[in-house]
Amino acid sequence: MEKKAKETGVPAEMSTEEKILEAARVVFTQKGYAATRTRDIAEEAGINLALLNYYFRSKEKLFHQVMAENMQRFFGIIAPIITDVKTSLNTKIGLIAEAYINQLNQNPDLPIFVLSEIRNNPAQFKSRIPIDTLIADASFFTQLRERRPDVHPVQFLINILGMSVFAFVAKPVFLAANVVDEAAFQAMMEERKRLIPVWVEAMLNTQ
C-alpha cells in the first residue's frame, strides 16, 4: 500500500513509476549515488520499499536513468547551439550562457551532482556524451579557431561554462554570507546573460 506523499516531496497526482523517478532525481541529486539508499527514495516518493523494488529492482538501474537525464540536461542543451552553422560566434556564446543560466535557475543542484558523478565515473560520461566528436565537428570550435588560432578553443569553452555554471555552485555561499539575497542573485544572473558575451569578446580580442 502506498503512503501519502509528503507535502514537500513528490506530487501525489503522478503515477507510481513517475513518483519513484522524481524521488530518485531529488535524492540522488542531493546525496549522490553512494550515500543514497533505496529506502530514502521510497520515503521521498511516499511509497513502501517493496513497491519501489517492484518497479525498479536496483538502485543502480534507477541511478543510470537519472544520471542519463541529468547529463542530457547539463550537456545536451549546448549541442544544438554549437553545431548550428547559421549563427555567429557571438550569438552562440550568448545562447550558451542563457541556456545554462535558465537551466540552472530551475535545477540549481544539477552542476554539483553531474560534476561529482563524472569525477567518480569519467568513462560513463564519455560513453554518453561524445565530446571529442562535438569539439572536432561543431562550427562553434571552427569559429573560435578562426578568431584565435593561437589559443585552443576549449580554453574559451571552459571560460564560458565557468562564468555560467560556477555562480550556481557558489550561490549557497553567497546567500549564507548575506552577500546577496535570492532576488539580487536572480537579477545578477539575468544581467550575466548579457555580460558573458561581452567578457568573452574581450578575451577573444586580448593578445
Side-chain angles (χ1 to χ4, degrees), residues 5-14 18-19 21-33 35-36 41 44-45 63 65-84 87-119 125 128-129 131 134 138 140 154 156-203:
K6 298 186 295 183
E7 289 184 6
T8 57
V10 176
E13 64 272 13
M14 286 183 173
E18 288 171 335
K19 286 179 183 178
L21 284 169
E22 181 59 26
R25 293 180 190 109
V26 171
V27 179
F28 280 133
T29 301
Q30 291 176 346
K31 295 186 174 184
Y33 177 78
T36 294
I41 297 171
E44 178 70 24
F63 178 76
Q65 185 157 343
V66 171
M67 187 63 180
E69 290 175 356
N70 281 338
M71 293 273 280
Q72 181 61 33
R73 284 178 185 160
F74 194 71
F75 293 102
I77 57 175
I78 69 168
I81 298 170
I82 66 175
T83 56
D84 184 357
T87 57
S88 68
L89 177 60
N90 193 260
T91 298
K92 285 184 175 72
I93 292 166
L95 290 172
I96 291 170
E98 182 175 7
Y100 269 110
I101 289 170
N102 289 344
Q103 178 69 262
L104 298 181
N105 269 329
Q106 297 174 19
N107 304 279
D109 294 326
L110 188 60
I112 292 293
F113 171 78
V114 170
L115 297 175
S116 174
E117 297 303 333
I118 287 174
R119 182 180 180 184
F125 163 70
R128 294 188 184 279
I129 306 293
I131 193 166
L134 282 175
F140 175 71
V154 171
F156 293 106
L157 180 62
I158 290 170
N159 283 340
I160 296 165
L161 295 181
M163 288 188 287
S164 303
V165 175
F166 184 75
F168 291 89
V169 175
K171 177 183 176 181
V173 177
F174 296 144
L175 294 181
N178 293 320
V179 175
V180 294
D181 59 17
E182 183 66 35
F185 182 84
Q186 292 302 325
M188 288 173 60
M189 293 307 98
E190 287 302 311
E191 184 182 26
R192 206 166 184 79
K193 294 176 187 178
R194 178 184 62 82
L195 290 173
I196 288 174
V198 174
W199 292 333
V200 176
E201 181 64 24
M203 292 177 201

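- Remark: E191 engages R194 in a salt bridge, criterion side-chain N to carboxylate O under 4.0 Å.
- Residues Q186 and E190 have side chains that never bring a donor and an acceptor to within less than 3.5 angstrom of each other.
- Ionic pairing of K171 and E182 is present here: one or more N-O contacts between side-chain nitrogen and carboxylate oxygen are shorter than 4.0 angstrom.
- Residues meeting the side-chain contact (heavy atoms from CB on, under 4.5 Å) test with M188, sequence neighbours left out: V180.
- Side-chain atoms of V200 and N159, non-hydrogen and from C-beta on, never get closer than 4.5 Å to each other.
- Closest of all the heavy-atom pairs between A97 and I196 is CB-CD1, 3.8 Å.
- Side-chain contact between I93 and E201: absent, with no pair of heavy atoms (C-beta onward) separated by less than 4.5 Å.
- L161 has its side chain out of reach of F166: every pair of non-hydrogen atoms, C-beta onward, lies at least 4.5 Å apart.
- Counting all heavy atoms, side chain and backbone alike, E44 lies closest to V26 at OE2-CG1, 3.8 Å.
- Within the 4.5 Å cutoff, side-chain heavy atoms of F28 are placed close to those of I41.
- Here the shortest heavy-atom pairing between R192 and P197 reads O-CD, 4.5 Å.
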Inset, instruction - Please step through side-chain contact (heavy atoms from CB on, under 4.5 Å) for the pair K19 and E22, ending with a clear verdict. - result: CA-CA 5 Å; K19 286 179 183 178; E22 181 59 26; 5.9 Å; no

Inset, instruction - Determine, step by step, whether F140 and I78 satisfy the side-chain contact (heavy atoms from CB on, under 4.5 Å) criterion, reporting the C-alpha distance in whole Å, the side-chain angles of both residues, the deciding distance to 0.1 Å, and the verdict. - result: CA-CA 10 Å; F140 175 71; I78 69 168; over 6 Å; no

